[in-house]
Amino acid sequence: MKMSWSRRNLLAGVAGSWLMEALLPRHLYASYLADGHGEIYRQIGIRPIINAAGTYTLLTGAVISDKVREAMSEASRCFVHLPQLQTVVGARIAKMIGVEAALVTSGATGSILLATAACVTGKDRQKVRQIPDITGMKSEVIFPKAQLKGSYNHAARSVGVRLVEVETIEEVKSAISPKTAMLFWTNILEVQGKITRKEFLAAGKAASVPVFNDAAAELPPVENLAGLVREGFDLVGFSGGKGLRGLQSTGLLLGRKDLIEAAQLNNNPNDDAIGRPCKVGKEELMGTLAAVEVYLSRDHEADLSLWKGFMESIAHDVKDVDTIKTNVYIPSPGGGPGGGHPIPYLKVQWDQSKLKLTYQDCARQLREGEPSIEVNASREAMDLASYNLFPGEERIVGLRLREILRDAVKKS
Ligand SMILES: *Cc1c(COP(=O)(O)O)cnc(C)c1O
C-alpha cells in the first residue's frame, strides 16, 4: 500500500506541470511500472488497467478507498453473528443516508431480486419457501417496454413473476390488477419511451402497489441516495461498486421498513430462500458501511473539479494534433457513454479522412500499450471518463494518446 501511495504522490507532483513535457512520458511509465502497480495481478499474467472508460462491471467497477480496505481487513479477523451484523449495518446505513430502512445486497442486481421477492412474498414465510413457484401469489411486475434493453429484469423474473410490458401511462394504469406485485423502473432509462418517472410512481401510489427503482449507477449526485426514496419510491437499488466507490460485489436496497424486512426474509443466510446464493460476508458488510460513510463525507464539489481538471489536462496534451477537436462535457441524461452519468467526460474527435485512424483503432492501441488504458470508442468519437482516474494517470493517458495520434499523423 505504501508503494501505491508513493506512486500516486510522485505522479500527482508531476501532473499539471507542462515544463518537461517531452521528457515525461518515459519517466511516468517507468515510475508507474517500477512502483509495483498492480503487482498481484501481473504475477498471474493479468495486466492492470488505467480506467478512463467508466465504472463498468466488466472493468471491475470501482477501486475502494483505504478506509474501506482497512475496515474489511479488521472485520476479517474475528467472528460475529451474521444476521445481527446484517441488521445493525443496515440500520446504520439507513440512518446515515436518511431513509427508513436499508439492506446491504450482493449488487444492484441482488437488490432487484430481493425487492421483487419482497413484493411477492411479503413477510409470509411459507411464500418465502415456495418461490419461484408463485402459485396463489401476486404474479406480475409492470415494466416499461422501452426500458427492456439495458435493464437487469432477469433478476426480477427469476422470482417467478411475469413482466407485463407497458408503453404509456394509460397502459400502466389499466395493467395494474390484484395480480400486480410491483412496478419496476430503471432510473437511467427514463429517456427511453413515453412514460415519465413521476407519473409511473404516481400510478403505483394511487393503486398502493410498491414501486421499485433500479438506480444502480446513479451517483453522483449524492442526493440520489436518499432523494429517490423521498420522492416516493418504495424500494431503490444501488450498486456498491459504481458511483458509491464501494465493493463491486455489493449493493444497497433502500426504502420502506416492512419491505426491507420482507427482503431480508428472502435473503441469505436463510437456507430455504431465493436469496441464499446472494451472500454478503462480514468483510463486505463492514466495507459497505465504511464506503457509505466515506461517500457521504466526500467533498463532491472538489471531486467534480478534480475530475474536470483530469479531462482538461488530457485535452491540453493533445491540442496540437492536426484536426483534433476536444470537448470537456457533462452528459445530459440519456446522453454520453453508459447512459449519461453527470461527471466530466472528454470527447475527442479528429478528421478521420486526414488522419487515417479510427476511434476504435485508437482505443485498441491504448488498450494494447503499456500501461493498458481503457476508453469508450464509437464510430463518432472517443469519450474518456474522469472519475476512475487516479491523480497522475491523466498525464499518462494524455501523453500516450498524443503519441498514438502523432504517429497516425506521420503515417497519413
Ligand atoms: C450496473 C447496473 C446494474 C447491475 O449492478 P450490479 O451492482 O453489478 O449488480 C443494474 N442496473 C443498472 C441500471 C446498472 O447500470
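The basis for the numbers below is simple: all heavy atoms, side chains too, and nothing from hydrogens, waters or symmetry mates. Numbering of ligands and ligand atoms starts at 1, following listing order. Computed from a prediction, not measured in an experiment: that's the story for all the values here.
- Taking any N or O of Thr186, backbone or side chain, none lies under 3.5 Å from an N or O belonging to ligand 1.
- At a 3.5 angstrom cut-off on N or O pairs, Thr250 does not count as close to ligand 1.
- Taking atom 1 (C) of ligand 1 as the reference point, the nearest protein heavy-atom neighbour is Lys242 NZ, 1.2 Å.
- Contact of the Val172 side chain with the Phe200 side chain is registered, since non-hydrogen atoms from C-beta on lie closer than 4.5 Å.
- Geometrically, ligand 1 and Ser106 share no nitrogen or oxygen pair separated by less than 3.5 Å.
- A side-chain N or O of Asp383 and one of Tyr329 form a donor-acceptor pair less than 3.5 Å apart.
- For the 3.5 Å distance criterion, the side chains of Arg125 and Thr121 fail to qualify, holding no donor opposite an acceptor.
- A salt bridge links Arg400 to Glu403: at least one charged side-chain nitrogen sits closer than 4.0 Å to a carboxylate oxygen.
- Taking the charged nitrogens against the carboxylate oxygens, Glu293 and Arg92 have no contact shorter than 4.0 Å, which rules out a salt bridge.
- Residue Gly107 approaches ligand 1 through these ligand atoms, each under 4.0 Å from one of its heavy atoms: 7 (O), 9 (O).
- With ligand atoms numbered from 1 in the order given, ligand 1 contributes 2 (C), 3 (C), 10 (C), 11 (N), 12 (C), 14 (C), 15 (O) to contacts under 4.0 Å with heavy atoms of Ala216.
- The N/O atoms of Thr109, backbone and side chain alike, include one that comes under 3.5 Å of an N/O atom in ligand 1.
- Annotation: Ala108 places an N or O atom under 3.5 Å from an N or O atom of ligand 1; distance criterion only.
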Could you walk me through whether Leu219 and Leu225 satisfy the side chain to side chain contact (heavy atoms under 4.5 Å, CB included) test, starting with their C-alpha distance in whole Å, then the side-chain angles of each, then the deciding distance to 0.1 Å, before giving a yes or no? CA-CA 8 Å; Leu219 301 170; Leu225 265 180; 3.9 Å; yes
